[in-house]
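The block underneath contains the structure these notes are about, expressed in C-alpha cells.
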Amino acid sequence: MPTRTEGNAPPDGRVLWADLAKGACIVLVVLWHVVVKDYLRVDWRVGLPVPGAWGLLGEQLLPLRMPLFFALSGIFAANAVARPWRVAGRPRIARNLYLYAIWLLIHTALLASAPDFPTDRATDSAELLAQLTVTPSNLWYLYALALYFVIAKALRRVHPAMLLTAAGALSAVAATGLLDSPGNRGQAYQNLVFFLAGVHLRPYLTGWADGANTRRLVGTGFAYAIGLAAMAPAGAQRWPGVYLLVSVIAVAFGLTAAARLARHRLAGPALARLGRRTLGVYVIHMPVLALLDRLLAAPVAGLPGPARALLVTVYPVLLTALVLALSLAAHRCLTALGAHWLFDLPRRRAHSNPEGETMPRIDAPVLPDRTHVEEAARVLSGRVVRTPVLHSPAIDRLAGARILLKAENLQDGGSYKMRGAMLAVGRLASAGHTGVIAQSTGNHAVAVALAARRHGLAATVVLPEDAAPVKVDRARAAGARVVRAGTTVEERLAVARRIAEVEGHPLVDAYDHPDVVAGQGSASLELIEEAARRGTPLDALVVPVGGGGGIAGACLAAAGTPIEVYGVEPVGCDSLARSLAAGRPTPVAPAPSLADGLRPGCVGDLPFAVARNRVRGVVRVDDDAIAEAFRLLLLDLKVLVEPSGAAALAGALRLGEAAGAGGVARPGGGAPWPPEGRRQMTVGVVLTGGNVEADLVARLAGDRMTVGVAV
C-alpha cells in the first residue's frame, strides 16, 4: 500500500487502519454467524423484540462486511498482481486453494458430528466434489481470493474502467437473484468488483482513508443509513444496482471509520492485531461455534425467565468474544504443535539464512558487487537522508591523519540501518508481501519498522528483553508490533522464525541479506564520493562491525579503488577478526560492551564471503577507547552518537598505533599502516548510529575527559 513520507504519516503507521478494518470485519463475520446460526435458534421466550433487533442489525451490516473485506484484500494484493505468475502464483493462488481444500475436508468431518447445525456441508462425495470446484462452501472467502487474483492478474492490462464496469454489472445482476448461485457462488459473483477496486483504485482508497475526519465519517454513515432505509421497505435490494450502490457507500463508511478508529489508543491496536490474524479465526470459528451451539443452546433456553431476559441482550456479544478467543487459542496451539501446514503451503525444499528468510537451494550464493551498491544508491536517492560529512582539525591532530566522518546518526531512524531496510522492504513490497519480520538489538528493527510503514506493510520486530528503551520506543512509534525475547540472537531468531511461519511474512535479515548489504554500502559510497569532491580522496575506510553488513557494503563500495577497508570490533566481540584468521565465520561468546549493537555473536555468512578478501584489517577497541571517542564527538563536533557508532572513530584513532603494536588483525599479514613515505592519509569513518539512552549520555559525558580536544 502506498504511503506518505514519514514526516506527515500518521503516528501509528498507515497500515494500522487497514489491519484494523480487517479485524473489524472478522468480528462482524463471527457476530453474524453467531446470530443466525445460534442466537436466533434459541427459544428465548422473553416477550421482547430483542432477538429480532439483533437479526435486523446483522442484515444491515451485510453490505459492509464482505465488500470491505475484499476491497482491503485487493489493496494488499495490488503489488502482487504486477509480479510474474511464477512469483505471485504460489502465495496468492496455490496457497488459498490449498487452504480452502484442507479446511473444507476438516469442516466436512467435524460438522458431520453436528447435523442440526445450520451451515453448508457436504453429505456425500458428489457434494464434496462440487464444493471443491464450482459451489464454494462456507469457506468461500479463500476460494474467492484465489479466483479473484487469477482474474485480476489475467486481465491486468484491461482498462480499469472497463474491468470495474463489467464486474459491477455482474455484481448488480447477482444481487437480483437472477443467476444460479448454489452454495456461496452468489457471494463470489457480487464481491469481485470490490477486490478489483482494491487492486486498481488503491491510491484513491488509501487517500480516502488518509483524509478521514469527523465530517466525512458522519456524512458516509448518514448516507449508508439512508441507503439502508430506502432499500428495506420496497425490497429494493433486488433492484439491479441498488445493493451495489449501498455496498459502495458502506465501504466508504468502513474505510473512514477504520481510519478514525485507528487513532484510538486501545481499540485501534487491538483490532489491528486481530486483523493480522484473520486467517486462523476465519477457518476455525465455524466448528468452534458448532461445538458451543451444541453445548450452550439447550442450557441457555432452560434458564429461568429473569436470567434469560438479562442474557438475551448481551448473548451475541459474549458468544462472539468467546468464539474469537477459542479460535485464536486453537490456532496458537496448532502452530505450537507444529501444524503449520494447516495455515500455509508446505515449505519447498530450501535453506534458510540465519534469520530464516527462505531462499532456493543453490550451489554457491551469488555475491553482490559494486554495481549493486551503485544501484542501491540510485534507488535510495530521495528516500533516505544524504547525511553530511563532518571534519574536525582537532580530531585530525589526534589521529595523525585527516578524518572525515559520515554522520549516519542523523539518518532517518537514527542509524544507517535505514538504508538496507528501505531497499529490502521496498523490494518485498513490490513482490506483493504485506508484512515483514525482523530481529535485532534495536537499530535494524527500528529501520525495518519505519521502512514497512512507508511501504504500507505490517511489521513485527523481535528485540532482546534488555533492549535499550529508546530503540523499543522508536520501533513502537513507527507502528511495529514489538516482541521481547531472550538476550541472545539465537533466542530472538527462534521467536522471529516462529512468527514468520505463522504469519507467512518474510524475515529481513539484519546483515546476511544482499539488499541490506548493498543498502548499507550506499553510506560508504556517499562518503567516498564526497571525499573525492573535496579533493581529499580516501586512503582508508573504517566501519564498525557487528554482523558484518556495514563492512561488507563498504568493501563493495571501495571495490576497484585503492581504498583500504578496516573493521572495528569491541574487545571480546571480535567474530570478524577470528573469522578472518580461521578462514570461515567463527562465533564468539560476546563479552559485555558499551557498543550493544556490535555484539551479534557471529559475522554473517554473506558479509564474510564479501569481506574475507577485501578487508585490510580489524582494530579491536575497549570500552575506554569507545567512551573517549564518544566524548570527543560530543564535545568537539557537538555530535551525539551511540557507542556502536563511536567505536568507528575509536578504531580510526588507534589505527596507526594499533598497527604498529600488532593490534590490527590482518588476514595473511601485510605491510604496516600507513605506508612509509605517504602523504597525510585521509580516513573515512562511518558513524553508524545515534540511538543512545539519555542516562548513558549523562554518564559518559560526565566522566573525566581523557582525550584532549584542544590539541
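Note that the numbering runs from 1 along the sequence shown for the chain.
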Checklist entry - Looking at side-chain heavy atoms only, is the closest gap between R402 and M681 below 4.5 Å? => result no

Next on the checklist: Could you check whether any side-chain N or O of H455 sits under 3.5 Å from a backbone N or O of A451, counting only pairs where one atom can act as donor and the other as acceptor?
Outcome noted: yes

Item to check | Exercise: do D596 and T441 side chains pair donor with acceptor under 3.5 Å | outcome: no

Checklist entry - Is there a donor in the side chain of H444 and an acceptor in the side chain of D509, or the other way round, less than 3.5 Å apart? => result no

Item to check | Flag side-chain contact, heavy atom, 4.5 Å: T682 against P537 | outcome: no

Checklist entry - Looking only at heavy atoms, what is the nearest atom pair of G548 and V603, with distance? => result CA-CG2, 4.1 Å

Next on the checklist: Less than 4.5 Å apart, side chain to side chain, heavy atoms only: is that true for H513 and L606?
Outcome noted: no

Checklist entry - Can you check whether A445's main-chain N or O pairs, donor with acceptor, with S440's side chain at less than 3.5 Å? => result yes

Item to check | Trace of the salt bridge (Lys or Arg N to Asp or Glu O under 4.0 Å) decision for R534 with E530 | outcome: CA-CA 6 Å; R534 295 185 182 190; E530 178 62 19; 2.9 Å; yes

Checklist entry - Checking side-chain contact (heavy atoms from CB on, under 4.5 Å) for the pair V543/Y566: CA distance, chi angles, key distance, verdict? => result CA-CA 6 Å; V543 183; Y566 291 85; over 6 Å; no

Checklist entry - Hey, does the side chain of D622 reach the backbone of V571 with a donor-acceptor pair shorter than 3.5 angstrom? => result no

Checklist entry - Do any N or O atoms from the side chain of E569 and from the backbone of V618 form a donor-acceptor pair under 3.5 angstrom? => result no

Item to check | CA sep, side-chain torsions, deciding dist, call: H391, L405, side-chain contact (heavy atoms from CB on, under 4.5 Å) | outcome: CA-CA 6 Å; H391 175 243; L405 302 150; over 6 Å; no

Checklist entry - Judged by atom type as modelled, is there a donor-acceptor pair below 3.5 Å linking the side chain of R277 to the main-chain atoms of R273? => result yes

Item to check | Passing candidate, side chain to side chain donor-acceptor pair (under 3.5 Å) with N443, options E642, K417, R474 | outcome: E642

Next on the checklist: Could you tell me if the side chain of L632 sits less than 4.5 Å from the side chain of L653, heavy atoms only?
Outcome noted: yes

Next on the checklist: Could you walk me through whether V483 and V461 satisfy the side-chain contact (heavy atoms from CB on, under 4.5 Å) test, starting with their C-alpha distance in whole Å, then the side-chain angles of each, then the deciding distance to 0.1 Å, before giving a yes or no?
Outcome noted: CA-CA 6 Å; V483 177; V461 298; over 6 Å; no

Next on the checklist: Whether the side chain of S575 engages the backbone of T586 through a donor-acceptor N/O pair (distance < 3.5 Å, no angle test) should be reported.
Outcome noted: yes

Checklist entry - Taking NZ, NE, NH1 and NH2 as the nitrogens, is one of them in R419 or E408 under 4.0 Å from a carboxylate oxygen of the other? => result yes

Checklist entry - Within the side chain of R631, is there an N or O that forms a donor-acceptor pair under 3.5 Å with the backbone of L700? => result yes

Item to check | Heavy-atom side-chain proximity of V683 to L404 below 4.5 angstrom | outcome: no

Item to check | Contact summary for I551 and G567, nearest pair of heavy atoms | outcome: CD1-CA, 3.3 Å

Checklist entry - Going by heavy atoms in the side chains, are L525 and R370 under 4.5 Å from each other? => result yes

